[in-house]
Amino acid sequence: MVSAREKGPILPGATIGVLGSGQLGRMFAIAARRMGYRVHTLSPDADTPTGQVADHEVEASYDDLDAVREFARRVDVITFEFENVPAATVEAAAQIVPVRPSGDVLHTTQHRLREKCFLRAHGFPVTEFRHVRSRDELLSGLREVGLPAVLKTAGYGYDGKGQTKISSPADIDRAWRALGGQEAILEAFVDFEREVSVVAARGLDGSFAHYGAIENEHRHHILDLSIAPARIEAKVAREAVEISRAVLEELKVVGVMCVEFFLARDMRLLVNELAPRPHNSGHFTFDACLTSQFEQQLRAVCGLPLGSTEQLRPAAMANILGDLWENGEPLWAAACAFPNVKLHLYGKLEARRGRKMGHLTALAADVETARNDVLAARRCLCAQKT
Ligand code: AMP
């Protein structure tokens, strides 16, 4: 099956295939090209954030297995920037080149219910949940997990897509209708103190590296702001890292994975979600760490030693969503007037509400200053034009 190519590290000059073509692939491609690799990307779209900086962009459906095989034949290893790639696509590619992380990791993490069952079965802390396939199961689930609860589609969800909060019995019908008959997971609502994540990497040799605990603030279920290091007790941060290490080890991940947690008011950590790729909460590493999460992904999938994750300065990252275009093009020069703030734009051709268009990262002597600066820079983007 997989040829001799699997032996030894994949070295600069080789070609990395990326399935998916969004901003994660773009930043991965920038890191890879900086180290002398070539990058090919495959997705159903053209002129994409990844394609704009890759050597070669293939526009094909993930279901077009002939195109996927042709793509695989022209690269040395395949990785993802988008985890909801069909299993058959991964299988077709894996018959030709190594795919990292493996299809098994994807299979577990692209389905919320499978992921939660995996976590619970291996003793990782998660909120109470139930499998829901019918209205009766929803009602019995609600009796067991209690109110408030969150109903989520079992498959293909991210950024709060496909989820509804049920606060009172009056919400049940609306939540059930919103599902449209899809298989779902019902979770007890966690009244959390904070949300934190750990972005970590596992190398081909089983080595482990992490960026510590990152603090995350969401708005309308979409990540809005990340602060690193998280403002939590050192003991809790260490525990988050240890849980993450065990998750990556259990899944035998090769690559970067983000473990998202709720920190409950009693200081218990509960795993909310796994992302088997670089993550939005790790974007600060691009500017603030010796090795970014994107270079780390590259190193891991190429079988190279992992790089140092040392953080050079406290950092805060704020997302730039399409909403900011409401009054016209944002005022980029105003944000650039903050000398400690870095602007990242993803080259997306159309700004839509809720669409991630870019981000800002501020570096400062402490996280409070970094947070204030990044928010001030973002506010300047949408100041009224005169
Ligand atoms: P998800 O797409 O599952 O990561 O959810 C996106 C966001 O919705 C999370 O980061 C939380 O802010 C919120 N959320 C999701 N599930 C729960 C839950 N069980 N309890 C409280 N908040 C939740």
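For this chain, numbers begin at 1 and follow the sequence in order. One-based numbering, in listed order, for ligands and for the atoms of each.
- Checking Phe129, Phe261, Phe262 against atom 23 (C) of ligand 1, the nearest heavy atom belongs to Phe262.
- The shortest N or O to N or O distance between Val190 and ligand 1 is under 3.5 Å.
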### Query
For Leu360 and Leu381, what are the C-alpha separation, side-chain angles and deciding distance, and is it a side chain to side chain contact (heavy atoms under 4.5 Å, CB included)?
CA-CA 11 Å; Leu360 296 167; Leu381 287 179; 4.1 Å; yes
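- In this structure, of His218, Gln163, Glu217, Glu187, the residue bringing a heavy atom nearest to atom 5 (O) of ligand 1 is Gln163.
- Ligand 1 is approached by Lys152 to a heavy-atom distance shorter than 4.0 Å.
- Close contacts of ligand 1 with Ala188, meaning ligand atoms under 4.0 Å from a residue heavy atom, involve 19 (N).
- By the criterion of a heavy-atom distance under 4.0 Å, neither the backbone nor the side chain of Asp191 is placed next to ligand 1.
- Contact check on Glu350 versus Arg352 returns a salt bridge, with a Lys/Arg side-chain nitrogen under 4.0 Å from an Asp/Glu carboxylate oxygen.
- A heavy-atom separation below 4.0 Å is not found between Ala149 and ligand 1.
- Taking only non-hydrogen atoms, the option from Glu195, Arg219, Glu260 nearest to atom 12 (O) of ligand 1 is Glu195.
- When all heavy atoms are compared, the tightest approach of Ile10 to Val301 is CD1-O, 4.1 Å.
- In terms of modelled atom types and a separation under 3.5 Å, the side chain of Glu183 and the main chain of Gly155 share no donor-acceptor contact.
- With hydrogens and angles disregarded, no donor-acceptor distance shorter than 3.5 Å links the side chain of Glu128 to the backbone of Ala188.
- Of the charged side-chain nitrogens involved, none lies within less than 4.0 Å of a carboxylate oxygen, so that Glu187 and Arg130 do not count as a salt-bridged pair.
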